[in-house]
Amino acid sequence: MPYAELHLHLEGTLEPELAFQLAERNRVTLPWRDADDLRSRYDYGCLQDFLDIYYANMEVLRTAEDFADLTNAYLARAARAGVVRAEVFLDLQAHLARGIPAETVLGGVSEALRASEATHGVSSGLIITFLRHLPADDAEHAYDQALATGVELLGIGLCSSEVGFPAAPFAPLWERARADGLHTVAHAGEEGDASYVWDALRHLKVERIDHGIRAMEDPTLVAHLRDHRIPLTVCPLSNVRLKAVPDLAAHPLPAMLDAGLMVTVNSDDPAYFGGYLDDNIAAVRRQFDLTDAQLATLAANSFEASFLPPAEKARLLAEISSGPTAGRLGGDINGSAGSSRDSSPV
Ligand code: ADE
Ligand code: ZN
């Protein structure tokens with residue numbers, strides 16, 4: 001089944017073996033003995049435990065070639081998972097803070113993304129994610145540097161540590177990006193409660209919420225997300241590994257589908273969480289005994305929630321509806337192709 005991946009951090013696709021290859025190529029010393037030692041640390045108590053390792057491993061990414069290699073490795077693996085559209089996140093700010101110029105970072109990533117359709121059969125777009133644990137001025141400065149490279153951007157997003165780092169200070173930058181014609185998203189409701197999702201909607205006016213699983217704690221918010229067809233890019237294996245849920249059986253994905261939410265399944269940081277998109281789909285299919293119709297709805301939602309042009313969305317949606325599960329699809333696929341989401345004030 002073709003799929004769009006909408007929640008994927010390129011730096012989170014750095015497999016331990018590639019990390020050590022790049023460390024050698026760039027003469028960087030990682031604080032782990034070898035790939036197995038690094039992998040043995042992937043037992044996190046919370047989001048911050050993961051982020052500490054994730055930021056530390058970024059040290060090996062130094063040249064445009066490194067960024068291109070990382071991006072190409074993800075695209076090749078994603079294509080095998082059935083991904084035909086990838087809207088990928090990049091933590092430019094973290095690389096600027098390490099002294100790597102924006103031209104190097106975006107030059108390498110964009111070279112791989114430009115060729116992704118021809119090389120991997122995956123169309124792509126780049127979303128620059130800003131780090132909410134840093135001041136909003138720092139994000140503004142990184143945005144200026146991204147624009148100065150002339151590299152085409154699809155949108156901006158917000159990620160990193162959530163609890164205690166409000167969205168409101170980022171509102172002017174989100175407004176500015178929208179005026180520049182970019183799409184906007186934000187992580188919310190991953191470790192933070194439903195109020196963080198409300199804040200992302202109210203202050204940042206985002207088109208999609210990344211994660212958003214804790215929205216399920218607030219029935220008014222669930223109704224709002226459903227009525228306005230605001231997509232939630234859910235990452236089941238990530239949520240289990242980061243202890244956002246006690247185990248996969250307790251994951252709210254089925255309840256979210258039952259509530260009529262526009263949910264999609266994604267891999268977040270697949271090298272760190274034990275699986276790419278196909279692994280996430282297989283895990284939830286097995287755990288929840290999802291029907292073919294529910295799986296087709298997830299695939300259809302991924303295209304509906306993507307930032308593809310309406311004609312391309314409609315083409316991909318038609319491909320799903322003429323596939324083996326045609327006629328057994330859930331409500332989301334029918335009548336939603338090409339529709340625009342309601343962005344009424346909240
Ligand atoms: N950056 C990379 N992965 C992330 C996640 N799961 N949550 C917040 N920030 C992130
Ligand atoms: Zn994420």
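Whatever order the structure lists ligands and atoms in, that order sets their numbers, starting from 1. Side chains included, hydrogens not; waters and symmetry mates left out as well; all remaining heavy atoms used. Since the structure is predicted, the reported quantities are computational estimates derived from the model, not experimental observations.
- Side chains of R77 and T13 form no contact here, defined as non-hydrogen atoms less than 4.5 Å apart.
- The Zn ion (ligand 2) lies under 2.8 Å from an N, O or S atom belonging to H7.
- If you look at E11 next to ligand 1, there are no close heavy atoms at all, none under 4.0 Å.
- Side-chain contact check for L147 versus R176: some heavy-atom pair is nearer than 4.5 Å.
- Below 4.0 Å from some heavy atom of D269 lie the following atoms of ligand 1, by number and element: 2 (C), 3 (N), 4 (C), 6 (N).
- Within the listing of ligand 1, atoms 6 (N) sit less than 4.0 angstrom from a heavy atom of H211.
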Practice task
Run the numbers on R229 and E207 for salt bridge (Lys or Arg N to Asp or Glu O under 4.0 Å), then give the verdict.
Solution key: CA-CA 9 Å; R229 297 177 61 72; E207 295 165 78; over 6 Å; no

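- Residue contact check for ligand 1: G12 places no non-hydrogen atom closer than 4.0 Å to it.
- Note on H187: counted as a metal contact of the Zn ion (ligand 2), an N/O/S atom lying under 2.8 Å.
- Put simply, the residue from L173, I156, L204 that forms a side chain to side chain contact (heavy atoms under 4.5 Å, CB included) with T184 is I156.
- The side-chain heavy atoms of F89 and H7, taken from C-beta on, include a pair separated by under 4.5 Å.
- Of the protein's heavy atoms, S160 N, 2.8 Å lies nearest to atom 9 (N) of ligand 1.
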Practice task
Assess whether side chain to side chain donor-acceptor pair (under 3.5 Å) is satisfied between E152 and S110, documenting all intermediate values.
Solution key: CA-CA 8 Å; E152 190 185 341; S110 66; over 6 Å; no

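- Using a non-hydrogen distance threshold of 4.0 Å, L51 registers as a contact of ligand 1.
- Distance from atom 7 (N) of ligand 1 to its nearest protein heavy atom, with residue and atom name: E190 OE1, 2.7 Å.
- Residue F50 places a heavy atom less than 4.0 Å from ligand 1.
- Ligand-side atoms of ligand 1 in range of L47: 5 (C), 7 (N), 8 (C), range being under 4.0 angstrom from any heavy atom.
- Coordination check, H9 versus the Zn ion (ligand 2): passed, since an N/O/S atom of the residue sits under 2.8 Å.
- Per residue D268, closest N, O or S atom to the Zn ion (ligand 2): atom name OD1.
- E162 pairs with exactly one of H187, H133, E191 by the side chain to side chain contact (heavy atoms under 4.5 Å, CB included) rule, that one being E191.
- For ligand 1, the atoms closer than 4.0 angstrom to any heavy atom of D268 are 3 (N), 5 (C), 6 (N).
- Residues I230 and H224 have side chains in contact (heavy-atom distance under 4.5 Å, counting atoms from C-beta outward).
- The shortest side-chain heavy-atom distance between L237 and S267 does not fall under the 4.5 Å cut-off.
- Among protein heavy atoms, the minimum distance from atom 1 (N) of ligand 1 is reached at H9 CE1, 3.5 Å.
- Within the 4.5 Å cutoff, side-chain heavy atoms of V206 are placed close to those of L201.
- Neither the backbone nor the side chain of T129 has a heavy atom within less than 4.0 Å of ligand 1.
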